[in-house]
Amino acid sequence: MCADCGCSITGTNLGDGHHHHHHHHENGHSHEHQAAHETLHHNPQLNDAKTISVITKILDKNNHEAAHNRAHFEKHNVLSINLMSSPGSGKTTLLENMAEMAKFKFGVVEGDLETSRDAERIKAKGIPAYQIQTGSACHLDAFMVHKGLHEMPLEEIDVCFIENVGNLVCPASYDVGAHLNIVLVSIPEGSDKIEKYPVMFRQADLILITKTDLIEYFDYDLEHEKQEARKIKPGVDILEVNIKDKASIQRVIDWIEFKRTMRG
């Protein structure tokens with residue numbers, strides 16, 4: 001539940017389940033939504049039963065759509081991977097580099113509050129990409145991704161990356177229909193992010209510690225961070241990534257290839 005900021009309320013239609021999000025909200029709010037929205041702003045503790053009921057409905061509908069997305073990917077034999085991190089940790093840069101090295105074909109559904117900059121960067125590498133501008137929503141949800149996957153040439157790709165909005169809180173609460181979650185955290189972000197944002201790192205199948213070439217400039221204890229990650233998620237896979245070191249990118253590609261073969 002996105003209890004931290006109440007963003008789950010905005011722009012969601014609780015009607016028949018076939019309506020997608022309208023993120024400019026001209027007339028998308030029902031009275032129930034509006035009441036819940038006001039409660040969230042005046043009562044961030046979310047101890048109002050009506051508000052909790054609305055959020056539960058929203059998450060239930062989201063999860064139903066996420067299962068539908070997963071089934072759609074599986075029908076086309078596509079592995080879907082949700083990429084999550086703070087802004088600027090290197091998600092798009094990693095995808096750009098993988099485009100030049102990976103043997104599997106992939107597409108990208110991009111989520112950002114504004115601009116199509118990231119999708120343009122990916123397209124420039126010859127990779128199919130579809131940009132979702134979320135407006136005020138600080139995460140992608142299953143309905144937004146559903147729209148994006150219909151723009152993907154699923155019959156031509158092996159992997160679909162869902163590059164989530166840069167944020168270490170809200171995306172952790174929303175199933176978008178991915179098979180795997182990869183969470184990035186960069187050296188410049190400092191040695192406390194894993195402890196501060198445990199919900200996000202608990203969702204990770206793979207944690208990438210990025211920009212390791214900058215470690216000499218920052219007070220960053222790499223081994224401590226790995227230990228913290230494994231306290232939160234025992235057995236989680238962790239890889240170090242430095243974009244200048246192609247072998248480190250190859251290890252990420254190899255991990256994804258291994259997961260593909262595991263799925264048969």
Considering all heavy atoms, the nearest [X]-[Y] contact:
X	Y	value
L94	V252	CD2-CG1, 4.5 Å
V176	A66	C-CB, 4.1 Å
E225	S191	OE2-O, 2.6 Å
C160	M152	SG-CG, 4.2 Å
P198	E195	CD-O, 3.3 Å
D205	H179	OD2-O, 4.4 Å

Exercise. Between the side chain of D175 and the main-chain N/O of G177, is any donor-acceptor distance below 3.5 Å?
Worked result: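 Between the backbone of G177 and the side chain of D175 there is a qualifying donor-acceptor contact (under 3.5 Å).
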
For this session: Taking N69 for its side chain and A142 for its backbone only, find out whether a donor-acceptor pair lies under 3.5 Å.
Result: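 Confirmed, N69 side chain pairs with A142 backbone.
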
So does [X] have more than 12 non-hydrogen atoms from other groups sitting under 6.0 Å from [atom1]?
X	atom1	answer
K105	NZ	no
D60	CG	yes
R202	CZ	yes
F104	CZ	yes
H64	NE2	no

Exercise. Where does the angle between the aromatic ring planes of H76 and H72 fall among parallel (under 30°), tilted (30 to 60°) and perpendicular (over 60°)?
Worked result: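 The arrangement is tilted - the two ring planes meet at 30° to 60°.
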
Atom pair [atom1] ([X]) and [atom2] ([Y]), whose distance is rounded to the nearest 0.5 Å:
X	Y	atom1	atom2	answer
Y197	E189	OH	CD	9.0 Å
L208	L184	CG	CG	4.5 Å
I253	I249	CD1	CD1	7.0 Å
S89	I187	OG	CD1	12.0 Å
I194	I238	CD1	CD1	6.5 Å

Is [Y] close to [X] at the side-chain level, that is, under 4.5 Å between some pair of heavy atoms?
X	Y	value
I182	W255	yes
T134	L140	yes
F73	L79	no
M200	K193	no
E163	T92	yes
L59	Y174	yes
V159	I256	yes
V109	M144	no

Exercise. Do K91 and E110 sit within salt-bridge range, that is, some charged N less than 4.0 Å from a carboxylate O?
Worked result: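 Salt bridge: no.
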
Exercise. Is any side-chain N of the basic residue among K231 and E228 closer than 4.0 Å to the acidic one's carboxylate O?
Worked result: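 So K231 pairs with E228 through a salt bridge.
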
For this session: Quick one: do H150 and Y130 satisfy side chain to side chain contact (heavy atoms under 4.5 Å, CB included)? Show the steps, please.
Result: CA-CA 10 Å; H150 280 294; Y130 180 77; over 6 Å; no

Would you list the atom pairs, donor with acceptor, under 3.5 Å between side chains in residues 211-220 and any protein atom, with sequence neighbours excluded?
{"residue": "K211", "atom": "NZ", "partner": "G88", "partner atom": "O", "Å": "2.6"}
{"residue": "T212", "atom": "OG1", "partner": "V241", "partner atom": "O", "Å": "3.4"}
{"residue": "D213", "atom": "OD2", "partner": "K244", "partner atom": "NZ", "Å": "2.7"}

Exercise. Looking just at side-chain N and O atoms, do Q133 and S116 make a donor-acceptor pair shorter than 3.5 Å?
Worked result: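 Judged by distance alone, the side chains do pair up.
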
Exercise. Which other residues belong to the hydrophobic cluster containing L113, where Ile, Leu, Val, Met, Phe, Trp and Tyr are joined when side-chain heavy atoms lie under 4.5 Å apart, directly or via other members?
Worked result: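 Answer for L113: V165.
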
For this session: Could I get the full list of salt bridge (charged side-chain N to carboxylate O under 4.0 Å, His left out) partners for R260, not counting sequence neighbours?
Result: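 With neighbours one apart ignored, the set is D158, E257.
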
